[in-house]
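Read through the structure below, which is laid out as structure tokens, and then see the notes.
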Amino acid sequence: MEKEEITTNDYLKGIVLNLPDSPGIYQYLNSEGTIIYVGKAKNLKRRVSSYFNREHPNGKTRLLVSKIADIRYIVVKTEEDALLLENNLIKKYKPRYNVLLKDDKTYPSICVSNEYFPRIFKTRKIIRNGSSYYGPYSHMPSMLAVMDLIKKLYPIRTCKLNLSPENIRAGKFNVCLEYHIKNCKGPCIGQQSHEEYMKNIGEIKDILKGDTQIVSDLLMEEMQALAAEMKFEEAQKIKEKYDLIENYRSKSEVVNSIIHNVDVFSIEMEENSAYINYLHITNGCINQAFTFEYKKRLNETKEELLQLGIIEMRERYKSTSREIIVPFEVDMEMNNVTFTVPQRGEKKHLLDLSVMNVKQYKVDRLKQAEKLNPEQRSVRLMKEIQEQLHMKKMPNHIECFDNSNIQGSDAVAACVVFKKAKPSKKDYRKYIIKTVTGPDDYASMKEVVRRRYSRAIEEGSPLPDLIITDGGKGQMEVVREVIEDELHLDIPIAGLAKDRKHRTSELLYSFPPLTIGVKQSTPLFHLLENIQNEVHRFAITFHRDKRSKSQVASALDNIKGIGEKRKTALLKTFKSVSRIKQASLEEIAAVVGEAAAKNIKENLTE
């Protein structure tokens, strides 16, 4: 076994030493000959060597290296060629350790069919038969808007008949309803020439490419020519088309029409996924908009994933843009392409629009995933808390404490428990303060925390991953004194504070405490607010119950002949001490007997 390992290492070392110092792609294969990773490099020798000449902190990368049994490589002329080839090979072989393009949803495109009289329709199937396809459209309203515009501008046929010149000359067809309602000019019976029809198709293709300015200019020239010839009715019809185009342009135009043939990319990351948005701008209008997801495999960087996304989208949409707007500098070279990181102006407006789209897509994907797997939301919230508080482990088990007393009387405390970000009511506990006299919240908190976790240690009960106090820095400190100084436990401690309107306002953590910003209306904010409201409700309810019992006890417990059973029976019948006072001797005697009733009447006076 050891001999085989040395042989494999020597074999790989020999390949690495002989790699060229030129751009290219490399493929790692396992012992079964399966491609497990594809990468690109400006310098093949330097890049591949880096996998074998140092320790990798990322465990997934170490695992990849341990599986490599063979290396193949392809030399190319430029870095751009390497990027294209890498992208194609990843899609072809889907290697285990490469990012996975999550593109399972089929989006519609607009097809201009390859026929003598082309048809225009939406489709989800791309058939390579010479037809032209525009899209795909991830935003359905955009696609329907452009289809509606084309329908209003041009009388294009909608039938599926084979309108070949021979069939038309042979008179095989009759006009349909679309002809009679003036949606079609009847090319099937020779009423519209092929030349006129194809002129319309050419203009439609310009619109689908986003070149509405070209069509608009052509219509303006035609309108002016007809007006000069005194053909005002025909000119009016052209003007109506011109107005339709201008109306569409005003709705879809997002920046100055000078910005032409530009690509825009933005990226959002989370632990296991990256989301990339692509916009293509033509004459100041968004002509293409698409957002997609990569599943990360080896903790790939934002830059690496954005590079892949740029190549994927430009290849998919056959983009020839000479300028690409990006959110940060990218270390990639493309022939005759400039990368721009705008700081202000209309290009920054476009980048912000792309960022807005990618963030919305990320939220939508998370919501969809959480519907399919409700526990995913809980995990996400716990990871957010872990990241915000820099905790070593995820807080699956959270406990929160609160005190309740009025002028020091009937002092109580409560502990609520949240497991996997949801209340675990069977684990809630109530505490009557025993060692503290007077309104001393800090001493009360110390007593309760000491009692709860001393008992947990004695019984071997599970300890929480996070303790939260319903209070600020002072409450946190007294909890820390018990947890760390007395019990020698290592449990993170946080504090929840409220503003003047008694709303959850900030999360405190660490010693000395730091304020952690939590945006209102976020799921994390609502979880923390829920924890705070729940512990407050539980403590107040317990305090009210105890106070009510104390008041009842002071009135009935000292009366001779009234024990627990008779007291319960009286309260069940009369509901309150006040009503017992108002009742007659006979009514009370009916419940507890005459002798006890006399004692009650003597001791309870109005």
Side-chain angles (χ1 to χ4, degrees), residues 22-28 35 37-48 50-51 58 60-61 64 73-95 97-103 262-281 288-342 347 350-351 354-355 357-358 361-362:
S22 55
I25 65 100
Y26 54 93
Q27 303 169 40
Y28 293 149
I35 295 172
Y37 187 77
V38 173
K40 60 108 178 91
K42 288 182 183 179
N43 183 311
L44 277 169
K45 189 168 192 172
R46 189 164 61 234
R47 182 74 184 98
V48 176
S50 70
Y51 281 91
N58 180 8
K60 292 178 182 177
T61 307
L64 164 64
Y73 62 93
I74 302 170
V75 177
V76 294
K77 288 183 179 179
T78 66
E79 184 195 351
E80 186 176 353
D81 291 336
L83 283 161
L84 282 165
L85 185 54
E86 177 196 34
N87 186 53
N88 290 334
L89 290 173
I90 289 172
K91 284 194 287 186
K92 182 177 179 180
Y93 294 112
K94 296 181 174 58
Y97 292 94
N98 279 106
V99 294
L100 176 65
L101 177 61
K102 296 286 288 179
D103 196 18
V262 172
D263 288 335
V264 186
F265 288 89
S266 62
I267 184 169
E268 274 287 303
M269 300 269 277
E270 58 175 10
E271 188 177 11
N272 296 314
S273 293
Y275 306 94
I276 296 174
N277 174 260
Y278 165 67
L279 302 176
H280 179 71
I281 313 301
Q288 302 290 355
F290 199 80
T291 309
F292 59 98
E293 177 185 0
Y294 277 128
K295 281 290 180 188
K296 294 160 66 179
R297 296 285 173 81
L298 292 175
N299 287 357
E300 293 84 357
T301 64
K302 261 190 177 184
E303 185 178 355
E304 289 170 336
L305 292 166
L306 188 59
Q307 285 181 8
L308 274 174
I310 290 170
I311 293 299
E312 171 65 29
M313 286 296 103
R314 283 176 66 89
E315 186 181 26
R316 180 182 297 198
Y317 285 97
K318 305 293 183 285
S319 172
T320 56
S321 298
R322 297 293 180 87
E323 181 178 14
I324 301 176
I325 295 173
V326 286
F328 49 79
E329 295 287 347
V330 287
D331 184 20
M332 64 187 292
E333 293 176 9
M334 297 177 70
N335 193 32
N336 294 323
V337 172
T338 302
F339 288 92
T340 304
V341 184
K347 289 181 181 179
L350 282 172
L351 181 61
S354 178
V355 169
N357 274 274
V358 77
Y361 184 87
K362 178 182 173 182

Derivation and outcome, ring pair (Phe, Tyr, Trp, His ring centres under 6.0 Å), residues Tyr97 and Tyr28: CA-CA 10 Å; Tyr97 292 94; Tyr28 293 149; 9.8 Å; no
Find out whether [X] and [Y] are in side-chain contact, i.e. whether some heavy atom of one side chain is under 4.5 Å from a heavy atom of the other.
X: Asn335; Y: Thr78; result: no
X: Asp81; Y: Pro23; result: no
X: Tyr294; Y: Leu100; result: no
X: Met269; Y: Leu305; result: yes
X: Phe265; Y: Met313; result: yes
X: Phe339; Y: Met332; result: yes

For the atom pair [atom1] ([X]) and [atom2] ([Y]), what is the distance rounded to the nearest 0.5 Å?
X: Thr340; Y: Glu329; atom1: OG1; atom2: CD; value: 9.0 Å
X: Leu84; Y: Glu79; atom1: CG; atom2: CD; value: 11.0 Å
X: Asp263; Y: Ile324; atom1: CG; atom2: CD1; value: 5.5 Å
X: Asn299; Y: Asn272; atom1: CG; atom2: CG; value: 8.5 Å
X: Leu350; Y: Ser266; atom1: CG; atom2: OG; value: 11.0 Å
X: Ile281; Y: Lys347; atom1: CD1; atom2: NZ; value: 11.5 Å

On a heavy-atom basis, which atom in [X] and which in [Y] lie closest, and how many Å separate them?
X: Phe292; Y: Gly309; result: CZ-CA, 3.7 Å
X: Gln307; Y: Asp331; result: NE2-O, 3.1 Å
X: Lys40; Y: Ala82; result: CB-O, 3.9 Å
X: Phe328; Y: Leu306; result: CZ-CD2, 3.7 Å
X: Ile90; Y: Val99; result: CG2-O, 3.8 Å
X: Ile267; Y: Ala274; result: CD1-CB, 4.3 Å

Candidate pair Glu315 and Lys91, rule salt bridge (Lys or Arg N to Asp or Glu O under 4.0 Å), full reasoning: CA-CA 12 Å; Glu315 186 181 26; Lys91 284 194 287 186; 3.8 Å; yes
Short side-chain donor-acceptor distance under 3.5 Å, Thr291 and Asn357: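 Note: Asn357 and Thr291 side chains miss the donor-acceptor criterion.
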Candidate pair Arg316 and Phe290, rule side-chain contact (heavy atoms from CB on, under 4.5 Å), full reasoning: CA-CA 11 Å; Arg316 180 182 297 198; Phe290 199 80; 3.3 Å; yes
Exceeds 12 heavy-atom contacts within 6.0 angstrom, atom OH of Tyr93: no
Exam field: side chain Arg297 to backbone Asn98, donor-acceptor pair closer than 3.5 Å: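 A pair under 3.5 Å: yes.
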Test side-chain contact (heavy atoms from CB on, under 4.5 Å) applied to Ile74 and Gln27, step by step: CA-CA 9 Å; Ile74 302 170; Gln27 303 169 40; 3.9 Å; yes
Verdict with supporting geometry, Val326 and Ile310, side-chain contact (heavy atoms from CB on, under 4.5 Å): CA-CA 10 Å; Val326 286; Ile310 290 170; 4.1 Å; yes
Arg314 vs Ser321, side-chain contact (heavy atoms from CB on, under 4.5 Å): CA-CA, chis, key distance, verdict: CA-CA 9 Å; Arg314 283 176 66 89; Ser321 298; 3.7 Å; yes
